[in-house]
Protein chains: 2
Amino acid sequence: MAVTVRQETDPPEALADDLCWLMGRVNALLNREATAALRELEITPRKHAVLTAARAGEHTQTDLARIVGLDKTTLMVTLDHLEQMGLAERRPLPSDRRARIVAVTPAGEQLLDRAETALTQSRAGVLSLLPVDERVVFMHALGRLACAHEDDLPACCASSLPD
Amino acid sequence: MAVTVRQETDPPEALADDLCWLMGRVNALLNREATAALRELEITPRKHAVLTAARAGEHTQTDLARIVGLDKTTLMVTLDHLEQMGLAERRPLPSDRRARIVAVTPAGEQLLDRAETALTQSRAGVLSLLPVDERVVFMHALGRLACAHEDDLPACCASSLPD
DNA sequence: TATTGTTATACTCTATAACTATA
DNA sequence: TATAGTTATAGAGTATAACAATA
């Protein structure tokens with residue numbers, strides 16, 4: 001355990017309380033990290049997320065977009081890529097001929113397994129930067145906030161004072 | 001019509017372990033939240049971060065870019081806006097006539113004070129979604145990760161950097 | 001020669017709107 | 001009429017490269 005701490009990047013004290021800024025920095029770090037972890041598999045973190053959600057159940061494209069948190073037109077591009085790579089395919093839904101189910105191909109399943117290994121390792125690396133007792137709390141907190149609605153927040157600014 | 005149920009956003013179980021995806025979702029939430037909190041003041045979260053860092057000390061533009069975590073050309077746009085709004089100004093640095101110090105104007109200081117109130121309220125709202133004992137841990141963990149380097153991570157996959 | 005600030009440009013990402021075929 | 005999927009397009013955001021002034 002190194003006592004000497006890397007101080008190359010000065011922690012800007014004034015921004016330490018800025019929750020939005022902190023999240024932005026950490027988000028960028030995790031994105032670079034996950035992108036690197038998935039590079040060999042030639043998929044991006046987003047493609048991985050879509051593929052993972054698709055494997056979890058038989059979802060239509062609009063469902064998938066809602067679940068992963070993407071615009072439906074943004075999902076289109078990702079799905080085109082995944083289909084092109086042979087990792088997923090659109091299957092007609094008999095009960096509604098407008099809709100399509102996104103299915104994961106065997107190749108996609110195989111890739112997801114390999115991706116899980118890489119991402120588990122990557123996550124462990126990131127969490128290792130935290131004190132042991134903070135890790136599980138951090139993941140739990142993130143999970144809770146990730147499922148939060150705008151509506152769940154107290155209307156701090158919606159009730160702006162009448163001038 | 002379907003009645004709006006709180007279950008619109010199902011916590012997608014399969015993605016609950018995806019650290020990168022979780023951060024992306026939470027980051028998006030906090031961005032919307034901070035943007036809303038700062039809307040009345042007519043500045044974006046990024047402008048606020050730059051202004052805050054500028055107030056913290058006499059920094060040149062390249063320093064400021066490094067501290068806040070922006071590309072220097074990206075910072076240019078933000079600084080142009082801040083200067084246009086009369087919140088900050090570029091001042092020549094006598095010791096190095098190439099460089100410029102970014103200074104916060106009185107109007108900028110005043111705005112920062114009002115912003116702090118709004119953001120403190122906003123942050124409290126977000127943290128209120130977490131169990132009481134998780135809040136301080138969460139902030140601490142974020143602060144630690146925000147200061148982390150790529151190099152601090154165990155080299156799990158980082159053997160090959162992009163080009 | 002290297003660095004600061006700057007501009008112009010290109011590229012990525014994402015959202016908007018419109019269209020089709022079904023319901 | 002409304003909805004699922006699709007396409008084309010525009011916009012914001014960001015990065016890349018080149019340039020002038022200074023070190």
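Quick note on labels: first sequence line is chain A, next is B, and so on, each numbered from 1.
We find that CD of Q61(B) is positioned 17 Å from P of dT3(C), with the value rounded to whole Å. Between the CG atom of L79(A) and the C1' atom of dT6(D) there is a distance of 12 Å, rounded to whole Å. Between H81(B) atom NE2 and dA12(D) atom C1' there is a gap of 11 Å when expressed in whole angstrom units. Taking atom CZ of R100(A) as the reference point, atom P of dA23(C) lies 14 Å away to the nearest angstrom. Note: CZ (R91(B)) to P (dG5(C)) measures 15 Å, nearest angstrom.
When each of R90(A), R66(A), K72(A) is checked for a side chain to side chain donor-acceptor pair (under 3.5 Å) with Q61(A), only R90(A) meets the rule. The side-chain contact (heavy atoms from CB on, under 4.5 Å) test with L87(A) singles out one residue from V104(A), L112(A), I43(A), and that residue is I43(A).
Of the two residues near DNA chain C, R46(A) and K72(A), the one whose nearest nucleotide lies more 5' is R46(A). Looking at which nucleotide of DNA chain D each of S95(B) and D96(A) is closest to, the 5′-most match is held by D96(A). Heavy-atom nearest nucleotides on DNA chain D were determined for R98(A) and for M76(A), and the one closer to the 5' end corresponds to R98(A).
Salt-bridge check for D113(A) with R55(A): passed, with a basic side-chain N closer than 4.0 Å to an acidic carboxylate O.
Taking 4.0 angstrom as the limit, R90(A) places none of its side-chain polar atoms (N or O) nearer than this to OP1 or OP2 of dA4(D). For dT3(C), neither phosphate oxygen OP1 nor OP2 lies less than 4.0 angstrom from any side-chain nitrogen or oxygen of T62(B).
Contact check for M139(A) versus L19(B): side-chain heavy atoms found under the 4.5 Å cut-off.
Below the 3.5 angstrom threshold, one finds no donor paired with an acceptor across the side chain of R97(A) and the base of dT22(C). Between the side chain of T73(A) and the base of dA15(C), at least one donor-acceptor pair of N or O atoms lies under 3.5 Å.
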